[in-house]
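All chains are named by letter (A, B, ...) in the order of the sequence lines, taking the proteins before the strands, and each is independently numbered beginning at 1.
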Number of protein chains: 4
Amino acid sequence: MLPTQTFFNLPQGKQKRVMDAALAEFAAKPFHNASVASIVEAADIPRGSFYQYFEDLEDLYLHLFEIIGKKKRLYMQEVVSEKKGAMNQIRSLYSAGLQFARDHPKLASLGIRFFREDRSFRRRLIAGFEESSMQFLQDMLISGQEAGEIDPAVDAETAAFVLHSLNVDVVDHYLEGPHSAEELIHESSEYLSLVNSVLYIIEQGLIHDDECGGGQLRNQEAGG
Amino acid sequence: MLPTQTFFNLPQGKQKRVMDAALAEFAAKPFHNASVASIVEAADIPRGSFYQYFEDLEDLYLHLFEIIGKKKRLYMQEVVSEKKGAMNQIRSLYSAGLQFARDHPKLASLGIRFFREDRSFRRRLIAGFEESSMQFLQDMLISGQEAGEIDPAVDAETAAFVLHSLNVDVVDHYLEGPHSAEELIHESSEYLSLVNSVLYIIEQGLIHDDECGGGQLRNQEAGG
Amino acid sequence: MLPTQTFFNLPQGKQKRVMDAALAEFAAKPFHNASVASIVEAADIPRGSFYQYFEDLEDLYLHLFEIIGKKKRLYMQEVVSEKKGAMNQIRSLYSAGLQFARDHPKLASLGIRFFREDRSFRRRLIAGFEESSMQFLQDMLISGQEAGEIDPAVDAETAAFVLHSLNVDVVDHYLEGPHSAEELIHESSEYLSLVNSVLYIIEQGLIHDDECGGGQLRNQEAGG
Amino acid sequence: MLPTQTFFNLPQGKQKRVMDAALAEFAAKPFHNASVASIVEAADIPRGSFYQYFEDLEDLYLHLFEIIGKKKRLYMQEVVSEKKGAMNQIRSLYSAGLQFARDHPKLASLGIRFFREDRSFRRRLIAGFEESSMQFLQDMLISGQEAGEIDPAVDAETAAFVLHSLNVDVVDHYLEGPHSAEELIHESSEYLSLVNSVLYIIEQGLIHDDECGGGQLRNQEAGG
DNA sequence: CATGAATGAGAGTTCATTCAT
DNA sequence: GATGAATGAACTCTCATTCAT
């Protein structure tokens, strides 16, 4: 379940051609519609070579996924390292995710597509990847609760689910929008404002707190 | 872009067989992996007949989608008709969506899959469907703001986006879970509790309001 | 594990073309070297049609095997029906097998090839076929022992094994020989004489029994 | 049609690795299904090297066959050297063949496979090998006839054919059976008893000779 | 001479769609 | 209108062999 040594022995230029072709393919189609044929044509390598480099499409997909993961982690690292409140960290995560999508739209597109695949497929392919991502958010939220920043009445697991869902959808929304070169400036503010609006809701909720009614109370109402 | 008259002239039983087969297929696979072959086999109709009833798979998909829409609207209607607060309506919408998924898991699965397809595909296929769904939420939210229930600082469009995203993901989460017959009772409460937890966050936000600081203020902080 | 109805609905001529092509292929190569490509070319049908007629090569092979079995059983039937001694029945079986090979060399060739495949393959493909063939011989031998014709000291199972082995090898030997049209007459006597010689050994053994009836005599009996 | 000098210059260890890999391959599959790929992988040599050592698969096969021949001849030599009756020699040949199969199952398997290939292929590959094996049996039988041990009415060529066929089938039967480590002891007697039963038939024939020496007795002699 | 990447033909199989009956 | 056979392009994957380093 790794590219063969043959592949890693290839000159960098050729490796890159192959990975670029794969990226273009997986960014453009759901996994099950991606084809070896498209990739070998785009990479301009013989059909047979593909199978000397990779066991099959999954093999290549996985490799690409790891590369993306590494790149993305670079964006996340500084966010995590900074010591600030949970909500600020979350906001930074969202921003970093969007920044990543702007810098590497194809990489981000592939990542989004991954979360759109059937769960069974995701499970088989990258067991625990998604879980670990949500676990990370959950830990962050629990810390926030311990620090008194996050409402202790909130279920941390659910909140992680919510944050993860929205993060994926926000990036998806960004990627699916039209991106002519000129729009990049507008986008910049527009999408950051989307992040801000979403996070405002996540922070404050939709309810208009006239007189500071306790969340706990209303939650119990709601639970009925 | 509609089934032919020939199809509607078919005896009800045969029509149903076809639609059931199509439903099973589209509920099980993303649209681009669905195959005419599977459907004609499951429906036990001649291969050639398919093309006398429908122009192509999209044609059938669309028809099915409309039927589902109608069924789903029945679940939503009473929710909408009741006059109660915006948040209660939203909660009811979530519950109704879940109820629909429990009663018609395949129909719901197809619906979820739809939202997982490429936006370009969604656009081409059912222009405006998703938008109208979000517009409906948005109107509800604006009413809530006018009634003083919903925080006026919230951007209604964004909030509709958030609610829609989470609704899809909650139902998806429900559908992807394992459903042995015995679990149905447990599920019932478990998933409603997921809805409640999610909506609690949406209502109250994550922030711990010690002294009732205004959302507006913090939002501006956050936006920096 | 049967040809599809589609195949049986085909006009006889086309069915025959396909079966003839398959026969030629399976008679010429061991199963695992047979190719769909050769067959569709020889039968002059589109590649795709093959898979509308058969699940795969095994499916076709099996069908062909059954047809051969039926044809061969016609040759064997009269042998079995006649009431005569065990040795005479065995001799008749050998002759009938040879006669079958002469009349239908390709069918026989396929049959022989079958016994040359790996046992594991044979088992999976036609469970019990070979066994039943040997069981038949064994029963015949036991009857012969009860009738006092066959030496009771002989192990019937082993003898069935010996008879089966030799029968296959004799037919194989016949099929592998060159068969120009002119040789058919010579063959006739030559191969019958091979059968006779083999059966003489099987009957009398190799040992020279000095004191008791001469082998020469019995051999001439047998040759009749 | 011989391995290149390059091959013979190889260090013994590497030569052995190649030959072992080839043996494993040819013992497991009929010749036409053996693949260069499997062998170079198992031997852990570069793909290109194969073609520097051998012209093609046949070249390697042939070389291996000769090695096997030499090993097998060691088993046969003592049998032949001993001066005893023809039947005893034959019995010894069968036992030696079985012994060889027990000691070197893969070598024997390859040998058996050889006899299962098309005669045309056998002819082309190892012209005269099989013939010489049968000629050897035939000479032995003729000597037996001259010594008065073997029935002079028996056709020596046919008898050689019979003995050869059965020898191959007996060893094949042995090799195809299951061989757990514990069974080796049981096997020992079981398979020797198969040899004895087969040879009893070959010696005495199937016919029940009322007035002359009982088969039972001779069978027990043979079992010794 | 060792090495291992390059190559493309050819294998089985699936499929949407057309078309003759 | 119903039927189901025809069709061939497209897919993944394997392989023996060559060739440049």
Seminar exercise, completed: Between A:Gln5 and B:Ala34, the residue closer to the 5' end of DNA chain E by nearest nucleotide is A:Gln5
Exercise. Pick the nucleotide of DNA chain F nearest each of D:Ser35 and A:Ser38; which residue has the one closer to the 5' end?
Worked result: A:Ser38
Restricting both atoms to N or O, compile the protein contacts to nucleotides 1-4 of chain E shorter than 3.5 Å, with distance only.
residue, atom, partner, partner atom, Å
E:dA2, OP2, D:Gln52, OE1, 3.3
E:dA2, N7, D:Gln52, OE1, 3.3
E:dT3, OP2, D:Lys14, NZ, 3.4
E:dG4, N7, D:Gly48, N, 3.1

Problem set entry | Check: D:Glu117 side chain, D:Pro30 main-chain N or O, donor-acceptor pair, under 3.5 Å | no
For this session: Using atom types as modelled and distance alone, determine if a side-chain donor or acceptor of B:Gln15 lies under 3.5 Å from a backbone N or O of B:Leu10.
Result: yes
For this session: Without swapping roles, check the side chain of D:Asp56 against the backbone of D:Asp59 for a donor-acceptor pair under 3.5 Å.
Result: yes
Seminar exercise, completed: Every stem of 3 or more Watson-Crick or G-U pairs under 3.5 Å that DNA chain F joins, in order of first number, is E:2-21 with F:2-21
For this session: Let me know the distance between CZ of B:Phe54 and C1' of F:dA2, rounded to the nearest Å.
Result: 15 Å
Exercise. Is it true that a side-chain atom of C:Gln52 and a backbone atom of C:Thr6 form a donor plus acceptor pair closer than 3.5 Å?
Worked result: no
Exercise. B:Glu58 has an atom CD; how far is it from atom P of E:dT17, in whole Å?
Worked result: 10 Å
Problem set entry | Distance in angstrom units between C:Asp44 CG and F:dG8 C1', rounded | 14 Å
Exercise. In terms of ring plane angle, is the pair B:Phe8 and B:His63 parallel, tilted or perpendicular, where the classes change at 30° and 60°?
Worked result: perpendicular
For this session: May I have the distance from B:Glu25 (atom CD) to E:dA16 (atom P), rounded to whole angstrom?
Result: 9 Å
For this session: Give a yes or no answer on whether the side chain of A:Thr4 reaches the backbone of A:Tyr53 with a donor-acceptor pair at less than 3.5 Å.
Result: yes
For this session: Calculate the interatomic distance between D:Glu55 atom CD and F:dT18 atom C1'; express it in whole Å.
Result: 15 Å
Problem set entry | Rounded distance (Å) that lies between atom P of F:dC15 and atom NE2 of D:His32 | 15 Å
Exercise. For the side chain of B:Glu25 and the backbone of B:Ser35, is there at least one donor-acceptor N/O pair under 3.5 Å apart?
Worked result: yes
Problem set entry | Protein-nucleotide distance (A:Glu41, atom CD; E:dG8, atom P), rounded to Å | 14 Å
Exercise. Does a side-chain N-to-carboxylate-O contact under 4.0 Å join A:Lys70 and A:Glu66?
Worked result: no
Exercise. Nearest-Å distance, CZ (C:Phe7) to C1' (F:dA5)?
Worked result: 13 Å
For this session: Return the 5'-most residue of the pair D:Asn33, A:Val36 with respect to DNA chain F, ranking by each residue's nearest nucleotide.
Result: A:Val36
For this session: Establish, with yes or no, whether the OP1 or OP2 oxygen of E:dT13 is under 4.0 angstrom from a side-chain nitrogen or oxygen of C:Tyr51.
Result: yes
For this session: Kindly say whether A:Ala27 contributes a backbone atom to a donor-acceptor pair with the side chain of A:Arg113 at under 3.5 angstrom?
Result: yes
